[in-house]
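Keep in mind the model is a prediction, meaning the values are calculated, not measured. Letters A, B, ... are given to chains in the order of the sequence lines, protein chains preceding strands, and every chain is numbered from 1. Below, all heavy atoms of this structure are taken into account, side chains as well, without hydrogens, waters or symmetry copies.
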Protein chains: 2
Amino acid sequence: MAASLDTVFSALADPTRRAILAMLLEDDMAVTDVAEPFEMSLAAISKHLTVLSGAGLISQERRGRVKWCKLEPDALREASVWMQGFGMMDGLDLDAFERFLDAELADPSLLEEKE
Amino acid sequence: MAASLDTVFSALADPTRRAILAMLLEDDMAVTDVAEPFEMSLAAISKHLTVLSGAGLISQERRGRVKWCKLEPDALREASVWMQGFGMMDGLDLDAFERFLDAELADPSLLEEKE
DNA sequence: CGAAATGTCAACCAGTTGGTTGAATATGCG
DNA sequence: CGCATATTCAACCAACTGGTTGACATTTCG
């Protein structure tokens, strides 16, 4: 819950974790369902979720057997503000933003390996 | 430089490196001057600068004995767009999104002069 | 020339990261 | 109850990080 710039940026530095966030953009998901598209163990995904949770980027609520993961995009705000200080946000890159939207609407899983 | 989301976010995850970027916002600086306010060796700062350079966040130009470091805020753009996508999708930054729509509806050609 | 200043390189070290397995803990279901 | 499901825990491992120090190369300057 610290949600410092350190923890947020370092949580975002991993492509698996960014892909998870993109998936959660669609809908809340159970841990097992989050793990399904990835070629790694459930335990590894569980750790990634812990990191995301520690950065405040997601919240998790246990309901019965299942732990639901929910995106918390507010946690991005502090980092976003920090970046705005560098002046390249006086109007974001709209072309890129539109491409993001198109890609997102077409198929969220495509966001995984953008670069 | 690579400037992938991975390298940019992980470069930003370190407070020393963020502080360096903030310093370079003021002015271009020589490596020694960048290092001066920090309580660590010059070699450590040199490594941080290598990381920043690898992420495309700074450029370095050697002039005589001195290597000048220059902020390259464009490298933040891709990361910003990625983050902003989350805010937009959740109505967090609806203001900016509406401004985007307004601007586009008013005069789409204005959007070209971004760079 | 010889000395100081500017950086980087190489080796090293401790701590963190991202992954693996196998066991453990709840919870739900027939 | 007994078994499958959902998730974490614990130990372990290789690779990476962020720091150190001392040696090295280059450039400037008296």
Side-chain angles (χ1 to χ4, degrees), chain A residues 1-24 27-70 112-113 115, chain B residues 1-24 27-71:
Chain A
M1 300 290 185
S4 65
L5 287 178
D6 279 24
T7 58
V8 169
F9 280 130
S10 105
L12 295 180
D14 184 277
T16 301
R17 286 193 292 262
R18 287 197 308 276
I20 291 174
L21 293 177
M23 290 165 57
L24 291 177
D27 213 345
D28 298 358
M29 295 178 78
V31 173
T32 303
D33 296 327
V34 169
E36 195 271 335
F38 298 98
E39 284 177 352
M40 69 180 70
S41 69
L42 186 61
I45 296 295
S46 181
K47 282 193 193 178
H48 280 304
L49 291 171
T50 301
V51 172
L52 288 170
S53 186
L57 289 162
I58 67 168
S59 58
Q60 294 181 285
E61 182 200 357
R62 173 147 241 143
R63 224 145 52 213
R65 234 177 350 181
V66 174
K67 200 168 189 179
W68 293 92
C69 304
K70 183 178 184 305
E112 292 183 23
E113 293 298 336
E115 213 50 34
Chain B
M1 295 303 174
S4 66
L5 288 177
D6 280 25
T7 57
V8 168
F9 280 131
S10 103
L12 295 180
D14 184 276
T16 301
R17 287 193 291 263
R18 287 197 308 276
I20 291 174
L21 292 177
M23 290 166 58
L24 291 176
D27 213 344
D28 298 358
M29 296 179 78
V31 173
T32 304
D33 295 328
V34 169
E36 195 272 335
F38 297 98
E39 286 178 352
M40 68 181 70
S41 69
L42 184 60
I45 296 294
S46 181
K47 281 191 191 178
H48 280 304
L49 291 172
T50 300
V51 172
L52 289 171
S53 186
L57 290 163
I58 66 167
S59 59
Q60 294 181 287
E61 183 200 356
R62 174 146 240 142
R63 226 147 50 213
R65 222 168 15 168
V66 174
K67 201 168 188 179
W68 292 92
C69 305
K70 181 178 186 306
L71 188 64

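When the P atom of C/dG7 is taken as reference, atom NE2 of B/His48 falls 16 Å away, rounded to whole Å. In this structure, A/Arg17 places its CZ atom 12 Å from C1' of C/dG19, rounding to the nearest Å. Atom C1' of nucleotide C/dG18 and atom CZ of B/Phe9 are separated by 19 Å, given to the nearest angstrom. Atom P of nucleotide D/dT17 and atom CD1 of B/Ile45 are separated by 17 Å, given to the nearest angstrom. Between the NZ atom of A/Lys67 and the C1' atom of C/dG28 there is a distance of 18 Å, rounded to whole Å. Atom pair B/Met29:CE and C/dG7:C1' shows a separation of 15 Å (rounding to whole Å applied). The nearest whole Å value for the distance from the CE atom in B/Met40 to the P atom in C/dG7 is 17 Å. Going from atom CH2 of B/Trp68 over to atom P of C/dT6 covers 11 Å, rounded to whole Å.
Closest of all the heavy-atom pairs between A/Leu49 and A/Val34 is CD2-CG1, 4.4 Å.
Position along DNA chain C of the nearest nucleotide to B/Lys47 versus B/Asp33 favours B/Asp33 as the more 5'-ward residue. Both B/Arg62 and B/Ala44 sit near DNA chain D, but only B/Ala44 has its closest nucleotide nearer the 5' end. Comparing B/Thr50 and A/Ala13 against DNA chain C, the residue whose closest nucleotide sits nearer the 5' end is B/Thr50.
Residue A/Thr32 places at least one side-chain N or O closer than 4.0 Å to OP1 or OP2 of D/dT7. Look at B/Ser41 and you won't find any side-chain N or O under 4.0 angstrom from OP1 or OP2 of D/dG19. At C/dG7, none of the side-chain N or O atoms of B/Ser46 fall inside 4.0 Å of OP1 or OP2 (strictly under the cut-off). The phosphate of D/dA4 has neither OP1 nor OP2 within less than 4.0 Å of any side-chain N or O from A/Arg65.
Of the listed nucleotides (C/dG19, C/dG18, C/dT8), C/dT8 has the atom at the smallest distance from the side chain of B/Val31.
If you check every strand for non-hydrogen atoms under 4.0 Å, B/Arg63 touches nothing. Across all strands, B/Ala30 comes closer than 4.0 Å only to sugar-phosphate atoms, never to a base (heavy-atom distances).
The main-chain N or O of A/Leu12 is found under 3.5 Å from a side-chain atom of A/Arg18 such that the two form a donor-acceptor pair.
In this structure, NZ on A/Lys70 lies 16.0 Å from NZ on A/Lys67, to the nearest 0.5 angstrom. B/Trp68 contributes atom CH2, which lies 12.5 Å from atom CD of B/Gln60 (distance to the nearest 0.5 angstrom). If you take NZ on B/Lys47 and OG1 on B/Thr16, they are separated by 13.0 Å, rounding to the nearest 0.5 Å.
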